[in-house]
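Notes follow once the structure below has been shown.
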Amino acid sequence: MSYEELLTQTALANEQVIVMTAENRALVRNLPGILGKRFIDTGITEQTMIGAAAGLALRGRTPVVHALAAFLTMRAFEFVRTDVGIANLPVKLSSFIPGFLSDGNGPTHQAIEDISIMRGIPNVTVFAPADEDDLVKMLPQIWESKSPAYTRINTRKTTYVHEPFTPGKAEVIAEGSDVTILTYGLLFEQALIAVEMLKSEGLSVGLINMRSLKPVDEQAILKASAQSKLVVTLEDHFLTGGLYTIVAEVLLKHRTTANVLPMALNEKWFRPALLPSVLEHEGFTGKQIAEKILGYQTAHNQPQILTPEFSE
């Protein structure tokens with residue numbers, strides 16, 4: 001099932017669901033003719049769209065709103081914070097082309113601080129599916145919730161079949177005593193490749209899909225940190241405020257520590273190109289991820305608190 005098919009099915013079953021867009025119909029091209037007045041395109045006006053969505057939510061509707069991730073999170077930030085977050089309204093934010101999925105676009109259209117921004121708003125939950133299968137398994141519960149929610153929409157088709165979704169729970173793919181990779185979204189595909197390469201080198205490797213970033217599965221993080229000699233956080237996001245920060249917060253909260261290697265964008269935007277070239281240039285292919293982990297282990301073969309090496 002595709003994103004549009006799921007949203008169509010959901011909206012037809014529940015007349016309180018309103019579909020909105022700020023002139024970004026890529027995910028919902030067929031819905032205007034199906035939903036009629038329950039499809040609203042406000043034009044290139046993300047702030048207006050969020051304000052209107054909040055008004056509809058106050059009247060018992062569940063608006064599912066669409067815009068490019070960079071503009072949904074940054075241009076409309078105050079409206080999300082004030083109209084949706086403070087009021088704790090069930091507005092569902094569908095974020096198009098977040099992270100490296102905005103591959104051909106420059107910095108103005110790159111949403112690589114979106115998780116940091118959205119998780120900083122009280123009441124707003126944050127989710128990042130690994131692919132289309134993960135997406136359609138997650139969205140029904142996200143849309144049914146009475147909380148505001150931000151979802152990094154990822155409609156990439158893969159062959160991986162994900163487990164059922166529970167908000168606040170990570171999907172533990174495998175456990176490992178040498179290395180555990182924590183990741184989310186698009187880079188889950190590359191993490192799978194890295195895991196197989198690391199296994200071929202004789203390592204015991206774990207992999208966790210951190211599909212729910214707020215609420216986050218603290219126990220999954222703590223267990224991986226306790227069981228593995230090295231924890232790797234892998235994300236198409238700035239180093240600041242994303243998964244690396246979340247892991248640090250969890251460890252500090254529980255008064256423990258771990259050897260953590262972050263792979264993220266450190267104080268830089270990515271160079272626009274076709275997606276395979278972006279991943280290669282920025283060092284996020286499965287092969288490059290595995291090589292960085294192997295190199296890191298070689299350099300730090302004794303248990304110790306490691307100095308992070310950031311992706312440049």
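Numbering starts at 1 and runs along the sequence shown.
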Do [X] and [Y] make a side-chain contact, defined as non-hydrogen atoms from C-beta onward lying under 4.5 Å apart?
X	Y	value
Glu218	Ile246	no
Leu243	Leu182	yes
Arg75	Ile44	yes
Thr256	Leu222	yes
Val64	Ser94	yes
Pro148	Val84	yes
Val19	Leu7	yes
Met263	Thr233	no

Discussion item. Taking the six-membered ring for Trp, are Tyr160 and Phe188 closer than 6.0 Å centroid to centroid?
Written reply: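 Yes, ring centres under 6.0 Å apart.
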Worksheet item: Are Phe71 and His109 near enough that their ring centres are under 6.0 Å apart?
Response: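 Aromatic pair counts; centres sit under 6.0 Å.
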Is the side chain of [X] donor-acceptor paired with the backbone N or O of [Y] at a distance under 3.5 Å, no angle test?
X	Y	result
Glu175	Gly206	no
Asp133	His162	yes
Lys169	Val216	no
Gln110	Asn105	yes
Thr73	Ala69	yes
Asn266	Leu239	no
Thr45	Gln47	no
Lys92	Ile142	yes
Gln227	Gly176	no
Glu189	Thr158	no

Item to complete: Please test Thr125 against Tyr150 for side-chain hydrogen bond (donor to acceptor under 3.5 Å, both in side chains), starting from the C-alpha separation and ending with a verdict.
Response: CA-CA 6 Å; Thr125 53; Tyr150 174 77; over 6 Å; no
Discussion item. Does the plane of the ring in Phe100 sit parallel, tilted or perpendicular to the ring in Phe270? Use 30° and 60° as the thresholds.
Written reply: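 Phe100 vs Phe270 ring planes: perpendicular.
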If you look at every heavy atom in [X] and [Y], which pair is closest and at what distance?
X	Y	value
Thr183	Ala191	CG2-CB, 3.9 Å
Val28	Asn24	CG2-O, 4.4 Å
Pro129	Thr151	CD-CG2, 3.9 Å
Ala224	Ile208	CB-CD1, 4.0 Å
Arg152	Ile115	NE-CD1, 3.9 Å
Ala290	Leu198	O-CD2, 3.7 Å

Can you measure from [atom1] ([X]) to [atom2] ([Y]) and round to the nearest 0.5 angstrom?
X	Y	atom1	atom2	value
Phe96	Ser102	CZ	OG	9.0 Å
Ile153	Leu101	CD1	CG	10.5 Å
Leu31	Arg25	CG	CZ	10.0 Å
Met49	Leu72	CE	CG	5.5 Å

Is there a donor in the side chain of [X] and an acceptor in the side chain of [Y], or the other way round, less than 3.5 Å apart?
X	Y	answer
Glu113	His237	no
Gln288	Thr285	yes
Asp134	Asn154	no
Asn30	Glu4	yes

Worksheet item: Can you list the steps and then say if Leu261 with Val231 is a side-chain contact (heavy atoms from CB on, under 4.5 Å)?
Response: CA-CA 6 Å; Leu261 169 62; Val231 173; over 6 Å; no
Worksheet item: Going through the distances and angles, do Glu291 and Lys287 end up as a salt bridge (charged side-chain N to carboxylate O under 4.0 Å, His left out)?
Response: CA-CA 6 Å; Glu291 288 172 348; Lys287 181 175 183 291; 2.5 Å; yes
Worksheet entry | Worked check of side-chain contact (heavy atoms from CB on, under 4.5 Å) between Ile18 and Thr62 | CA-CA 6 Å; Ile18 307 294; Thr62 301; over 6 Å; no
Discussion item. Could you walk me through whether Gln297 and Val179 satisfy the side-chain contact (heavy atoms from CB on, under 4.5 Å) test, starting with their C-alpha distance in whole Å, then the side-chain angles of each, then the deciding distance to 0.1 Å, before giving a yes or no?
Written reply: CA-CA 9 Å; Gln297 282 208 322; Val179 180; 3.4 Å; yes
Practice prompt. Please lay out, stage by stage, how Tyr3 and Glu132 fare under the test side-chain hydrogen bond (donor to acceptor under 3.5 Å, both in side chains).
Written response: CA-CA 7 Å; Tyr3 173 88; Glu132 188 171 58; over 6 Å; no
Worksheet item: Cation-pi between Lys214 and Phe127: NZ/CZ under 6.0 Å from ring centre and within 45° of the ring axis?
Response: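 Cation-pi check for Lys214 and Phe127: fails.
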Practice prompt. For Asp178 and Lys229, run salt bridge (charged side-chain N to carboxylate O under 4.0 Å, His left out): C-alpha distance rounded to whole Å, both residues' side-chain angles, the deciding distance at 0.1 Å, then the answer.
Written response: CA-CA 5 Å; Asp178 290 315; Lys229 297 173 185 175; 3.5 Å; yes
Discussion item. For a side-chain contact (heavy atoms from CB on, under 4.5 Å) check, start with the C-alpha distance between Met118 and Leu93, then their side-chain angles and the critical distance, and finish with the verdict.
Written reply: CA-CA 10 Å; Met118 290 293 104; Leu93 309 171; 4.1 Å; yes
Worksheet item: Does atom CD of Gln16 have more than 12 heavy-atom neighbours, drawn from other residues, nucleotides or ligands, at distances under 6.0 Å?
Response: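 Result for CD/Gln16: enclosed.
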Worksheet item: Run the side-chain hydrogen bond (donor to acceptor under 3.5 Å, both in side chains) check on Thr8 and Glu5 step by step: do they pass?
Response: CA-CA 5 Å; Thr8 300; Glu5 289 170 341; over 6 Å; no
Discussion item. Between Glu163 and Lys137, does any NZ, NE, NH1 or NH2 come within less than 4.0 Å of an OD or OE carboxylate oxygen?
Written reply: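 No, no charged N to carboxylate O under 4.0 Å.
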Worksheet entry | Salt-bridge present (Glu249, Arg119; N to O < 4.0 Å) |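 Salt bridge between Glu249 and Arg119, a charged N being under 4.0 Å from a carboxylate O: yes.
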